[in-house]
Amino acid sequence: MNPFFNFTENSGIITGNLDTLGSSFVPEKLPHREKEIEHMVRILASIMRKQRPSNLILYGKTGTGKTSAAHHVTKLLSEATGPSTKVIYCNCQIYDSPYSILVNIVNTIKGDTEEQIPSLGWPLDRIYLELMGLLSREGGALVIILDELDKLILKNGGDSLYVILKIIDDSVRTITSIIGITNDAHFIETLEPRIKSRLNQESVVFAPYNADQLRDIISYRLKGVVKEESVEPSAISLCSAIGAQEHGDARKALDLMRIAIEIAVREKRDKLTDREIYEARDKFDMNVVREAITTLPLHSKMVLLSTIISQETSNGQITTGEIQENYRNMAVELGISPLSIRRISDILSELQDYGLLTSITKSLGRYGRTRFFRTNGEISHYRKYLLEDEVLSSFKGSRMVRQARFDSIDQDEAEKFLGNIRDSKPADD
DNA sequence: ACTCCACAGGAAAATTGGGGTA
DNA sequence: TACCCCAATTTTCCTGTGGAGT
């Protein structure tokens with residue numbers, strides 16, 4: 001018997017495609033976002049009158065439907081105007097330079113029928129000219145969706161945005177407009193005035209969903225995917241409650257539901273209850289950490305491993321200096337040339353951004369000012385995921401000895417020093 | 001009040017490596 | 001093949017900083 005058939009036969013509770021619960025799926029309707037969508041439509045409607053609309057900025061936390069709404073509205077727009085309107089979606093976490101964004105725009109407009117330009121090698125102005133050529137040829141309208149716009153500003157100031165705003169001015173035959181999406185409401189304030197004024201934006205705020213709204217959303221998305229009677233109402237409520245706790249994050253709530261259904265199918269259970277939701281949550285949290293760690297570049301992994309090794313032996317928070325030292329030793333042992341101290345400092349900040357580490361900056365007076373780091377999750381999990389790396393797997397059995405930076409100081413002082421660290425309260429950010 | 005530690009983090013220079021061109 | 005351009009990454013250099021010691 002082919003083992004794969006086990007998975008087709010008993011999918012008792014499933015009646016449709018689970019992908020519709022994924023974050024990339026754009027549903028027909030977005031419950032509880034009617035007002036926001038109407039607002040967006042009203043502004044983009046200028047395109048129908050061959051006028052340039054204001055640029056739109058969508059604010060809201062993750063999983064509040066900003067991206068879905070942008071896709072939804074632009075899809076409606078395309079349907080209304082036909083192929084003369086081009087919509088380009090650009091995630092600024094991936095396309096984070098003027099260069100890569102322009103390449104993305106040009107290649108999307110060209111589509112499959114024309115030869116794409118290479119993602120590296122061409123000078124910026126040549127790509128820009130190419131784009132201008134395309135735009136004056138195509139006419140119509142161009143809507144550029146810039147998702148995670150704040151990441152773009154963070155990375156290289158307003159430069160990228162400036163280039164894109166320039167497209168708007170320079171494209172005479174094509175109406176060009178931007179939809180910026182961000183979860184950081186303050187980022188606009190950090191922009192240079194010349195960019196801020198050119199952005200002349202309308203903003204749409206996406207408030208977090210509450211548990212009731214999340215329940216509606218989940219129920220709506222579940223239609224046609226699973227048998228209605230096989231999902232207990234309390235499971236949906238629980239799922240919504242968890243999503244509501246996570247600042248009204250519909251993405252997380254839907255992800256949880258999807259994982260829960262997968263668990264139920266795999267375990268051949270015929271009902272979806274709270275139990276599956278709880279199991280899904282545990283799995284979800286683990287997966288996020290695992291994904292974050294295993295996809296890290298080698299040097300970042302080494303820095304993280306240095307951190308957890310130090311933390312294990314000192315059972316407290318450890319300083320940048322200690323991590324640096326461990327990292328260097330590790331590099332020597334592996335025969336890899338270490339990165340500079342400055343870079344490690346940045347890597348530590350990155351690890352913090354990923355939520356793998358937390359730090360507090362503390363001044364110890366005579367003993368300097370430094371950050372104290374601590375892992376966020378289970379050290380054993382971190383270690384397990386890190387050691388999956390081929391290069392780092394050689395550290396499996398071996399225990400690295402913490403470099404005692406107190407060798408030169410006497411024991412009392414060292415104790416006092418450690419005491420300080422333990423007593424220190426985490427900063428409230 | 002002043003010093004000085006051990007860094008943080010900004011800015012600019014240097015390196016790396018893909019891709020085009022002669 | 002040698003060489004130029006370019007963006008991205010990393011290093012080098014630098015100034016700034018909070019608070020225990022003095």
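In what follows, every chain begins at residue 1, and chains take the letters A, B, ... in the order their sequences are listed. Values reported hereafter were calculated over all heavy atoms of this structure, with side chains retained and with hydrogens, waters and symmetry mates removed.
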Proximity to DNA chain C (any heavy atom under 4.0 Å), residues of residues 342-352 of chain A only: A:R342, A:R343
Nearest-angstrom distance from the residue atom CD1 of A:I360 to C1' of B:dA6: 16 Å
Nucleotide of C:dT12, C:dA20, B:dC7 approaching A:T319 most closely (side-chain heavy atoms): B:dC7
NZ/NE/NH1/NH2 to OD/OE distance under 4.0 Å, A:K166 and A:D169: no
Ring-ring centroid check A:H32 A:Y209, cutoff 6.0 Å: no
Distance-minimising heavy-atom pair for A:L30 and A:I37: CD1-CD1, 3.7 Å
Any side-chain donor near an acceptor of the partner, A:N183 and A:T62, under 3.5 Å: no
Under 4.0 angstrom between A:R371 side-chain N/O and B:dA8 OP1 or OP2: yes
Integer-rounded Å distance: B:dC7 P and A:K362 NZ: 15 Å
Residue pair A:T64 / A:R33: nearest heavy atoms and the distance that separates them: O-NE, 2.9 Å
Among C:dG21, C:dT10, B:dA8, the nucleotide that comes nearest once only the side chain of A:L339 is considered: C:dT10
Comparing A:T320 and A:G365 on DNA chain B - which has the more 5′ nearest nucleotide: A:G365
Distance below 4.0 Å between A:R369 side-chain N/O and B:dC4 OP1 or OP2: no
Distance, rounded to the nearest Å, where A:I341 contributes CD1 and C:dT9 contributes C1': 18 Å
d(CD1, A:I127; C1', C:dC6) in whole Å: 10 Å
Atom-pair distance (CD on A:Q324; P on B:dG9), nearest Å: 13 Å
CD/A:E390: more than 12 non-hydrogen atoms of other groups inside 6.0 Å: no
Side-chain N,O (A:S363) to OP1/OP2 (C:dG19) below 4.0 Å: no
Distance in angstrom units between A:H299 NE2 and C:dA8 C1', rounded: 16 Å
A:L298 CG - C:dT9 P separation (whole Å): 16 Å
A:S349-A:R371 side chain donor-acceptor pair, cut-off 3.5 Å: yes
